[in-house]
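In the text below, chain A, chain B and the rest are named by the order of the sequence lines, each starting its count at 1. Since we're looking at a predicted model, the values are computed, not measured. Scope of the values below: all heavy atoms of this structure, side chains included, with no hydrogens, waters or symmetry mates.
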Amino acid sequence: MQSINVLLDDGSRREMPLGSTARELAQSISPRLAREAVAAKVNSQVVDLARELVPDAHVTILTQDAPEALDVLRHTAAHVMAQAVIRLFPEAKLGIGPSIKDGFYYDFAVAETFKPEDLGRIEAEMRKIVAQKSPLTRHTIDRAEAIAMFRSQNETFKVELIEDLPFDAELTYYQHDNFLDLCAGPHLPDTGYVKAFKLLSIAGAYWRGDERRPMLQRIYGTAFYKQSVLDEYLIRLEEAKKRDHRKLGRELDLFSLQEEAPGFPFYHPKGMIIRNELEDFWRKEHRKAGYQEIRTPIILSRVLWERSGHWAHYRENMYFTKIDELDYAVKPMNCPGSMLVYRNGFHSYKDLPLRYCELGLVHRHELSGVLHGMARVRAFTQDDSHIFMTPSQIEDEVARVIALVHKFYTIFGLKYRVELSTRPEKAMGDIAVWNIAEAALENVLKAKGINYKLNPGDGAFYGPKIDFHIEDSIGRSWQCATIQLDFQMPEKFDLTYIGEDGDKHRPVVIHRVLYGAIERFIAMLIENFAGAFPLWLSPVQAVVLPITDRARAYAERVVAELEEAGIRAQLDARNEKIGFKIRAAQIQKVPYMLVIGDKEVQEGTLAVRTREGGDRGTSPVAEVIATLVQQIKEKT
RNA sequence: GCCGGUGUAGCUCAGUGGCAGAGCAGCUGAUUCGUAAUCAGCAGGCCAGGGGUUCAAAUCCCCUCACCGGCUCCA
């Protein structure tokens, strides 16, 4: 009999009869591995256990614990759900059903929308399918046959998918029981593996995400190999909801959103303290980094927006007004204003790079359905900057901005993900210039060794950009910092500088924000800290808690001393027991609780309690103040 | 914007055609207390807004608004 050689993970080789499957390989290694196997990785491609091995392949048998194994499970779960839906709603047409970050979904076209009660029925049907332990089998099929097959089943979306695949693509479908779906796989051996799953929500979703296409009904679910892990996940999800900035923003009285102004946030006194701290820190760092602060108007003439290209490319997101019969627009971006400031004077190459920065309030008409607490609003302040420079300064300057982003985010303890977005469909300007700009950004990322994801077509209309994304408490990703390269605006506004040669030259502009929008950044901070801000950002840094009225006068003096030292302190002299006041301060997430009883009055000390560490014993007042001042200064 | 859901006191929620409720927060009083809730009393509402059905609507119907989840992590 002919045989083949495969390479295993430990570097050893193993001889198997020609035509052996991954499952047979697992069996030959150990029966236990065969029992635990869920899929295999052959030459870094994840495949079914039933897949035949190819000669000299590098094979890894994947068990439940393999990072790739969850995707396989969830993809199979999506098929099981689709079959359950077809059983209950025979007229439903299939869209797509992928595995996603925390679960899976499947899109269906149905005459009647799903109701929340349907989820229970579908789950029950899924359990029957799981109990059947139907094997999933993979079949290749040629294009014409596949189209004919799905067309005969009236699966028009599947037909469209096939038609859009490249001509040389290998088409496969998977079948279990009497359910069949166009699918690249891989899948688990049989439906019995899908033990721990839960359907989570129903949502409308446009076919292929395109609002001009039909709206399908999407069912989201999640699945794990073990019920205990699913239970933990669901508990974690509940826990994460407690960090939601909308909930904490209300509980900590930081801000509010009201019906009278949808998408336009109200800052309350405590939220304003955080915002001002962020701005103070920002101004200090920008002075150090060689920026000069400016401020430009919120309402500017239509003529300006026509010139900048916003009128043509961004009008549907803008608000308008009329002044003395003339058209004006409320600025959605700060750049045109900044361009006017630059153009207002002459500039020498010696002035470059010229770094203007601006905390600019912009208004954008976001679709009502996408508003989200402080994370997506219609009015927000960008910590903007426009850097005017010579082409030769681009890479150096981009690198400086990236370093600044890193410095900021490290101080706030935020993890971020980097994306490079390139030329969109509605782009302005020359393709050759775009290519240069895109290459410049890419060069810097590569030179700095930064991992990034490429996002084709997601750039701004005037230039490509590097985006920095932060995840919120339940894993949604929000763009915060961004660095955008722009060759168009200088052209539109005829910006120049006088070069060494005495001639006029065209500068290049970087648009960049670090926080992004202060509103969104605050939302991310709230979720990141679960409302327990570091001392320097805490709206109330210390509460002073006298135990009885005998300690009140001393407590008032302590509060005055704390305030004198620049610490935001409050007195809680309410006629309540100490436990009550401590509880109130804990709930408000105040970092320091300074308890004062007869003993402390007598000794001139404070009993220090911290938010995280509980009772820390007593210390002299001056010592406590020095500690807090130091900690505020260090921003820890 | 589109699909689905929700909207009752400051907050969390109960109330499914027949007198608008509870807990917490608030206010008043008593209590002066040592590290996450002292006790008692009081007050608090255009039941999101508008229209309709009905003897009677928080409850049923219609419209509007706001909020929540989602709207390619590409078979």
Reference residue A/E527; test side-chain hydrogen bond (donor to acceptor under 3.5 Å, both in side chains); the match among A/H245, A/R246, A/R476: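 With A/E527 as partner, side-chain hydrogen bond (donor to acceptor under 3.5 Å, both in side chains) holds for just one option, A/H245.
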Quick one: is [N] close enough that its OP1 or OP2 comes under 4.0 Å of any side-chain N or O from [X]?
X	N	answer
A/R611	B/A36	no
A/R609	B/G34	no
A/H372	B/G69	yes
A/R246	B/C68	yes
A/S368	B/G1	yes
A/R552	B/U32	no

B/U6 to B/G44 separation - P atoms, rounded to the nearest Å: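 That atom pair is separated by 31 Å.
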Counterpart base for B/C73, defined by Watson-Crick or G-U wobble contacts under 3.5 Å: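 Answer to the pairing question: none, since B/C73 forms no Watson-Crick or G-U pair.
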CA sep, side-chain torsions, deciding dist, call: A/R212, A/D210, salt bridge (charged side-chain N to carboxylate O under 4.0 Å, His left out): CA-CA 5 Å; A/R212 293 161 301 196; A/D210 184 340; 3.0 Å; yes
Ionic contact status for A/R121 with A/D118, cut-off 4.0 Å: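 Counted as a salt bridge, because a side-chain N and a carboxylate O are separated by less than 4.0 Å.
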Whole angstrom value for the distance that separates P of B/C2 from CG of A/L371: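 Going from A/L371 (CG) to B/C2 (P), I get 14 Å.
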